[in-house]
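Notes for the one structure printed next.
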Amino acid sequence: MLTGTLFSIEEFAVNDGPGIRTTVFLKGCPLRCEWCHNPEGQGFRPEVMHRPGRDETCGYTLSSEALAARLRRDAAFFRETGGGVTFTGGEPLAQPDFLLEVMQLLGPEVHQAVETSGFAPGPVFDRVVAAADYLLFDIKAAAPALHRRCTGVDNALILANLSRLRASGKRFAARLPLIPGVNDSVEDMRAAADLLEGAGNLHRVELLRYHQTAGAKYPLLGRPYAPSFDTKAAPEVHAEVFAGRGMDVIIL
């Protein structure tokens, strides 16, 4: 059995896929989004968070068998509520062998969703798509230059994997973080809609508004939080761009 590194398991999640779910946060991510809400999920190794009055180690290892056994305990509850397990991060595809082994151990009795930035080798992405019941695909920015500036990586691989996902027929939701003055303009939304239009397996578009609490964890890790955008501004929300093209859209 393989071991992986996690930083949280949260139960009763209602915004991470269909029904009521348990969300598993895998540690490690190749992106460095300016607005990252979970900076403790970026590094692959455990690290210390300095909370008031106590230090807390963030990150721990668990075998695939132990994790699957813990998640299987709620299989009956998942069936009754139409829920399941969602793997996120960090970037879960950055620990692909561990992720896939856990998914195989869970089997078809547990509905399994994976949230990903899409930044992973094509063969890895294909294997995860094939194993999952549902995908949550993050679109940070459609324009390559903007994507590089705000995440630190080019999005050519991400867009290629989005095309693979569309062709797979696997049901998915597109998740767009709305960051004020960065990727929330009408033009940005139109560019994202262009990437999604005509995808028969697109379940819905989820618009995630930036929250001012995003920077709260950085001081606990001894890191500065100084993004280039106005953290006090409210992002624009242009749901009509997607709705006007016949896509279901929700605002979270």
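Looking only at side-chain heavy atoms (C-beta outward), F87 and V128 stay at 4.5 Å or farther from each other. Contact of the V114 side chain with the M103 side chain is registered, since non-hydrogen atoms from C-beta on lie closer than 4.5 Å. R72 has its side chain within reach of L105: a pair of non-hydrogen atoms, C-beta onward, lies under 4.5 Å apart. Looking at R223 and Q42, their side chains come closer than 4.5 Å, going by heavy atoms from C-beta outward. Within the 4.5 Å cutoff, the side chain of I179 has no heavy atoms near those of the D184 side chain. Annotation: side chain of L71 is not in contact with side chain of V110 (no heavy-atom distance under 4.5 Å). When side chains are defined from C-beta on, N183 does not count as touching Y210, because their heavy atoms never get closer than 4.5 Å. The side-chain heavy atoms of R127 and D97, taken from C-beta on, include a pair separated by under 4.5 Å.
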Side chain to side chain contact (heavy atoms under 4.5 Å, CB included) between T116 and F125: does it pass, once the steps are laid out?
CA-CA 9 Å; T116 177; F125 185 81; 4.2 Å; yes
Decide yes or no on side chain to side chain contact (heavy atoms under 4.5 Å, CB included) for L208 and N15, but give the supporting numbers first.
CA-CA 10 Å; L208 284 66; N15 291 320; over 6 Å; no
Evaluate T5 against Y60 for side chain to side chain contact (heavy atoms under 4.5 Å, CB included), listing each step before the verdict.
CA-CA 5 Å; T5 306; Y60 56 94; over 6 Å; no
Please determine whether side chain to side chain contact (heavy atoms under 4.5 Å, CB included) holds for the pair E34 and R149, giving the CA-CA distance in whole Å, both sets of side-chain angles, and the decisive distance to 0.1 Å.
CA-CA 9 Å; E34 284 192 275; R149 178 172 67 79; 4.2 Å; yes
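Nearest heavy atoms, P235 versus R209: CG-CB, 4.0 Å. The minimum heavy-atom distance between F7 and C58, with the atom names listed, is CB-SG, 3.7 Å. Across all non-hydrogen atoms, the minimal contact from I251 to A239 is CD1-CB, 4.3 Å. Between A120 and V124, the shortest heavy-atom contact is CB-CG1, 4.5 Å. In this structure, L202 and A174 approach most closely via the heavy-atom pair CD1-N, 3.9 Å. Of all heavy-atom pairs between P30 and F119, the closest is CG-CD2, 3.5 Å.
Using a 4.0 Å cut-off between a side-chain N of Lys or Arg and a carboxylate O of Asp or Glu, R45 and E47 do not qualify as a salt bridge. Salt-bridge annotation for K170 and D126: absent, with no side-chain N of the basic residue lying under 4.0 Å from a carboxylate O of the acidic one.
Cluster annotation: V48 is not connected to F44 through the hydrophobic network of ILVMFWY side chains, with a link wherever side-chain heavy atoms come within less than 4.5 Å. If you chain together hydrophobic residues whose side chains sit under 4.5 Å apart, L146 and L176 never meet in one group. Criterion: ILVMFWY side-chain heavy atoms under 4.5 Å apart, direct or through other members. Under it, L100 and F25 are not part of a common hydrophobic cluster. Cluster membership for L159 and V205, using ILVMFWY side-chain heavy atoms within less than 4.5 angstrom, is shared. There is a path of hydrophobic side-chain contacts, each under 4.5 Å, that joins V153 to L162.
Put simply, NE2 on H211 and CG on L178 are 10.0 Å apart, with the number rounded to the nearest 0.5 Å. Once rounded to the nearest 0.5 Å, the distance linking CD of E65 with CE of M1 reads 5.5 Å. Here the straight-line distance linking atom CD of Q212 with atom OG1 of T231 works out to 6.0 Å at 0.5 Å rounding. Rounding to the nearest 0.5 Å places OG1 of T57 at 11.0 Å from CE of M49. Atoms CG and CZ, on L67 and F98 in that order, are 5.0 Å from each other to the nearest 0.5 Å. Taken to the nearest 0.5 Å, the CG atom of L165 stands 13.0 Å off from the CD1 atom of I158.
In terms of modelled atom types and a separation under 3.5 Å, the side chain of E101 and the main chain of L2 share a donor-acceptor contact. Judged purely by atom type and a 3.5 angstrom limit, R21 uses its side chain to pair as donor or acceptor with the backbone of V85. In terms of modelled atom types and a separation under 3.5 Å, the side chain of D230 and the main chain of P180 share no donor-acceptor contact.
Applying the salt bridge (Lys or Arg N to Asp or Glu O under 4.0 Å) definition to pairs two or more places apart or across chains, those involving residues 235-250 are D194-R245, E197-R245.
The aromatic rings of F229 and W35 are tilted relative to each other, their planes meeting at an angle between 30° and 60°. Using bins of under 30°, 30° to 60° and over 60° for the plane-to-plane angle, the ring pair Y218/Y225 lands in the tilted bin.
Residues R190 and H238 bring no donor and acceptor atom of their side chains to less than 3.5 Å of each other. In this model, no donor atom of one side chain and acceptor atom of the other lie less than 3.5 Å apart for E115 and T86.
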Donor-acceptor pairs under 3.5 angstrom involving side-chain atoms of residues 129-142: please list them, not counting sequence neighbours.
residue : atom : partner : partner atom : Å
D133    : OD2  : Q112    : N            : 2.7
Y134    : OH   : H203    : ND1          : 2.6

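Within the 6.0 Å centre-distance limit, the rings of F12 and F77 are counted as a close aromatic pair.
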